[in-house]
There are 2 protein chains.
Amino acid sequence: MDLLTRTEEIILLSVHELRDSAYGVTIRDLAADLTGRRWSIGAIYVPLDRLTRNGFLKSHSGDPTHQRGGRRKRLYRLTAKGVTALKETKELQDKLWAAIPGVSALRPRPV
Amino acid sequence: MDLLTRTEEIILLSVHELRDSAYGVTIRDLAADLTGRRWSIGAIYVPLDRLTRNGFLKSHSGDPTHQRGGRRKRLYRLTAKGVTALKETKELQDKLWAAIPGVSALRPRPV
DNA sequence: TTATATTTGTTCTATCTTATAGAACAAATA
DNA sequence: TATTTGTTCTATAAGATAGAACAAATATAA
């Protein structure tokens, strides 16, 4: 079982969600949108690299777009291993929280 | 918003679940049970320390137990801040996964 | 009744892995 | 050659992991 970090989970989910337009910039924007935080360039590309090296993602170079300027994109896609890791992560989370009462009922117990 | 790491989430949930018997050893055992992995001593106490320093947990020394041997326990409890962080973490996760079809439907899309 | 053994639990520290930030660089079209 | 879009690279901070060392409790032996 490969347990993902939270960053890795967010990035893999973003890649999944973005389908054929998953590359550095769009992944960064979606992650920012989902989490309500700013993500630096490095906070996206470093994990993307590692996830690719470790077989959770694969990447290929996109075609030129005939838009004004701009370097070619590196597009990402989940591998079967990436999908499995996401599933297992979700299952663990569900298990973790299954025993806990509704989130809204969570309160610190007085000493 | 304080976004917890996965380790922190698991530890805080374990502390919550264990109520008045949350200390290093029981937390370690519950984390192992929940995740199906072995947790080293340091993998528990180092985050416990940090979570306490950062105000997510508070701790106090337990009474001697009149069982055979054994050092006094350091018991942990969630603070209001810890509860809030757990709630926000859960909400983020729910949001992250809300857009995704059932986990079982997740498959890598062919290239 | 004092010393030593045994048990349970925590503290400490070293090292490895991840996260984070942004400068530098590259490649595309205007 | 300038401008735009995007990626690579690198340095540093933060978190994860492992387990040796240490501490404090009761049991047992002399």
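Reminder, nothing fancy here: chain letters follow the sequence lines and each chain counts from 1.
Nucleic acid contact for Gly42(A): base, since at least one base atom lies under 4.0 Å from a heavy atom of the residue.
Regarding Arg53(B), its CZ atom lies at a distance of 13 Å from the C1' atom of dC12(C), rounded to whole Å. Across the protein-nucleic acid pair, Arg6(A) atom CZ and dG15(D) atom C1' stand 13 Å apart, rounded to whole Å. Spacing between atom CG of Leu48(B) and atom P of dG9(C) amounts to 14 Å, rounded to whole angstrom units. Per the geometry, CG belonging to Leu4(B) stands 11 Å off P belonging to dG15(D), to the nearest Å. Distance CD (Glu8(A)) to P (dT18(C)): 6 Å, rounded to an integer number of Å. Straight-line distance from the CZ atom of Arg72(A) to the C1' atom of dC25(C): 17 Å, rounded to whole Å. Put simply, CD1 on Ile44(A) is 14 Å from P on dT8(D), counting in whole angstrom units. Atom CZ in Arg28(B) sits roughly 12 Å away from atom C1' in dT8(C) (whole-Å rounding).
For the side-chain contact (heavy atoms from CB on, under 4.5 Å) criterion with Glu9(A), the lone passing option out of Leu12(A), Leu13(A), Thr5(A), Thr7(A) is Leu13(A).
For the OP1/OP2 pair of dA16(D) and a distance below 4.0 Å, the side-chain nitrogens and oxygens of Thr7(B) include at least one atom meeting the criterion. For Thr5(B), no side-chain nitrogen or oxygen approaches OP1 or OP2 of dT18(C) to under 4.0 Å. Residue Ser40(A) places none of its side-chain N or O atoms closer than 4.0 Å to OP1 or OP2 of dT20(C). Using a 4.0 Å cut-off, some side-chain N or O of Arg74(B) falls inside it from OP1 or OP2 of dT11(C).
Within the shown strands, dT3(D) is the pairing partner of dA28(C) under the Watson-Crick or G-U definition, both distances less than 3.5 Å.
Among the nucleotides dG6(D), dG19(D), dG15(D), the one closest to the side chain of Arg50(B) is dG15(D). Of the candidates dG9(C), dA28(C), dA21(C), the closest approach to any side-chain atom of Arg38(A) belongs to dA21(C). When the nucleotides dT8(D), dG19(D), dA21(C) are ranked by their closest atom to the side chain of Arg71(A), dT8(D) comes out on top. Relative to the side chain of Val46(B), the nucleotides dT8(D), dT17(D), dT11(C) differ in distance, and dT17(D) lies closest.
For Asp94(B) and Lys90(B), the salt-bridge test passes: some basic side-chain N is under 4.0 Å from an acidic carboxylate O.
Looking at every heavy atom in both residues, Trp39(B) comes nearest to Arg28(B) through O-NE, 2.6 Å.
No path of Ile, Leu, Val, Met, Phe, Trp and Tyr side chains, each step under 4.5 Å between heavy atoms, connects Leu75(A) with Phe56(A), placing them in separate hydrophobic clusters. Linking Ile, Leu, Val, Met, Phe, Trp and Tyr whenever their side-chain heavy atoms come within less than 4.5 Å leaves Val15(A) and Tyr23(A) in two separate clusters.
With the nearest nucleotide of DNA chain C identified for both Trp39(A) and Val25(B), Val25(B) has the one nearer the 5' end.
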